[in-house]
Amino acid sequence: MRVLLTGGAGYIGSHIAVVLLEEGHDVIVIDDFSNSHPEAVRRVEELSGRPVIRIDCDLADLDASSRALADVEFDSVIHLAGLKSIGESVSRPSSYYRTNIVATLNILDIMAIKDVRRFVFSSSATVYGTPDSPVIDESHPVGRGLTNPYGWSKWMNEQIIRDVQHARPELEVSLLRYFNPVGAHPSGQIGESPSGTPNNLMPYVAQVAAGTRDRVSVFGDSYATPDGTGVRDYIHIMDLAEGHLAALAHLSPGVTVYNLGTGVGHSVLELIREFSAQSGREIPYRVTAPRTGDVSSAIADPAKANSELGWRATRSLADSCRDSWLWQSQNPQGLTGQG
Ligand code: WQD
């Protein structure tokens with residue numbers, strides 16, 4: 001297949017690119033590098049030993065994207081391009097709605113013009129809002145009690161995609177709801193490279209382990225969980241990437257939703273302990289007030305993806321911490337200033 005990866009230079013996109021290339025697919029990356037780095041694409045080529053077509057363009061700009069893709073052949077799209085910080089989305093709502101929704105509208109329009117029918121969308125467990133139960137399957141209500149523009153934009157995108165598929169019945173769509181992607185490629189060559197202060201737990205813990213930050217703030221320890229700290233389903237980025245390959249292989253006309261998670265929950269303190277064990281570093285922390293909008297527990301029920309996609313997460317939290325530590329220690333400044 002010839003797969004267009006929108007936002008393909010990002011954390012998730014670069015790992016998907018490696019997996020696709022290693023499977024023999026051709027990869028085209030379109031990215032504006034507002035939250036990623038061209039060096040990631042170079043490293044993907046180095047890791048896979050295969051070339052990537054790289055298009056520097058903002059997908060939210062329809063004219064520029066249409067021109068950039070006019071003569072590019074592809075038969076499938078994995079759409080990842082978008083802003084993804086929950087906290088930032090609260091302070092910059094119009095940017096989030098504009099970028100995340102317009103980019104989706106544009107790629108769908110371009111696909112219609114080029115008669116491309118295969119579409120995998122990077123959605124998120126945030127569309128479930130505050131879950132009714134700690135373990136969540138795809139039948140759980142969505143678009144209810146969402147607490148931030150990022151989550152709303154993902155939910156709105158899912159609705160837009162459903163409506164477009166209704167108008168284009170030949171469209172084959174998979175909506176992949178990620179739980180908590182963590183870790184890095186086992187080579188340590190690509191990984192999560194957040195700009196500024198990491199919003200997410202794993203990259204923050206990695207920076208504390210590396211000594212570039214003093215300690216982890218544990219956002220609350222009075223949740224109804226075994227040790228009182230938040231519980232999440234941390235899925236290794238390589239398992240997540242392989243889930244996209246499986247979704248591509250199982251596309252059919254219509255819209256199908258899959259949770260991509262391990263089905264196992266781990267608390268903040270468990271992750272801190274595991275990271276310390278894998279890195280051999282002390283990881284100081286202090287308990288602070290809960291973060292607004294956080295839920296107590298969010299764990300995927302991945303049974304549908306397991307059975308219908310023939311895909312299952314196989315890597316453990318220890319694997320994720322080990323690989324995240326290798327990436328962090330080999331790239332203390334991430335990808336900025338490299339290449
Ligand atoms: C995990 C746990 C925090 C930071 C979000 C999005 C999700 C996906 C991943 C994009 C929680 C606690 C965190 C810290 C802490 N993003 N924590 N100290 O909020 O579960 O998920 O990011 O797709 O869609 O919803 O991830 O890593 O921010 O938090 O105690 O410095 O760690 O309270 O319990 P989250 P997270």
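Along the sequence shown, residues carry numbers from 1. In listed order, ligands and their atoms are each counted from 1. Not measured: the values here are computed from a predicted model. As a basis for the values below, the full set of heavy atoms in this structure was taken, side chains included, without hydrogen atoms, waters or symmetry mates.
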Given that the side chain starts at C-beta and the backbone is N, CA, C, O, which of these parts of [X] lies under 4.0 Å from ligand 1, counting heavy atoms, or is it both or neither?
X: Ser217; result: backbone
X: Ile86; result: side chain
X: Tyr178; result: neither

Return the closest protein heavy atom for [atom] as residue, atom name and distance.
atom: atom 21 (O) of ligand 1; answer: Asn180 ND2, 3.4 Å
atom: atom 16 (N) of ligand 1; answer: Tyr150 OH, 4.2 Å
atom: atom 24 (O) of ligand 1; answer: Ser124 OG, 2.7 Å
atom: atom 8 (C) of ligand 1; answer: Phe179 O, 4.1 Å
atom: atom 12 (C) of ligand 1; answer: Val268 CG2, 3.7 Å
atom: atom 2 (C) of ligand 1; answer: Tyr234 OH, 3.5 Å
atom: atom 20 (O) of ligand 1; answer: Arg232 NE, 2.6 Å
atom: atom 3 (C) of ligand 1; answer: Asp294 OD2, 3.4 Å

Does a donor on one side chain sit under 3.5 Å from an acceptor on the other, for [X] and [Y]?
X: Tyr150; Y: Glu88; value: no
X: Arg43; Y: Asn331; value: yes
X: Ser65; Y: Asn106; value: no
X: Asp319; Y: Ser316; value: yes
X: Tyr128; Y: Asn259; value: yes

> What orientation do His15 and His185 show, parallel under 30°, tilted 30 to 60°, or perpendicular over 60°?
Replying inline: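 Judged by the thresholds at 30° and 60°, the geometry between His15 and His185 is tilted.
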> Between Phe119 and Phe121, what is the ring plane arrangement, given parallel below 30°, perpendicular above 60°, and tilted in between?
Replying inline: parallel
> Is the His244 to Tyr178 ring centre distance short of 6.0 Å?
Replying inline: yes
Going by the order shown, which atoms of ligand 1 are within less than 4.0 Å of some heavy atom of [X]?
X: Arg291; value: 3 (C), 19 (O), 28 (O), 29 (O), 36 (P)
X: Thr126; value: 24 (O), 25 (O)
X: Asn200; value: 5 (C), 9 (C), 22 (O), 26 (O), 27 (O), 28 (O), 36 (P)
X: Asn199; value: 4 (C), 28 (O)
X: Val218; value: 30 (O)

> In Å, rounded to the nearest 0.5 Å, how long is the span from CG of Asp294 to CZ of Arg232?
Replying inline: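 Going from the CG atom of Asp294 to the CZ atom of Arg232 covers 5.5 Å.
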>> Measuring from atom 34 (O) of ligand 1, which candidate in Ser267, Ala298, Gly230 has the nearest non-hydrogen atom?
In response: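 Nearest option to atom 34 (O) of ligand 1, by heavy atoms: Gly230.
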>> Any salt bridge linking Asp214 with Arg286? Criterion: basic side-chain nitrogen under 4.0 Å from a carboxylate oxygen.
In response: no
>> Evaluate Tyr204 for polar contact with ligand 1, using N/O atom pairs at a separation under 3.5 Å.
In response: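 No, there is no polar N/O contact under 3.5 Å.
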>> Using a 3.5 Å cut-off on N or O atoms only, is Leu201 in polar contact with ligand 1?
In response: yes
>> Applying ring-ring contact (aromatic ring centres under 6.0 Å, His included) to His266 and Tyr234, what does each step give before you reach the verdict?
In response: CA-CA 7 Å; His266 290 286; Tyr234 296 102; 7.2 Å; no
> Checking Ser133 side chain against Val135 main chain: does a donor-acceptor pair fall under 3.5 Å?
Replying inline: yes
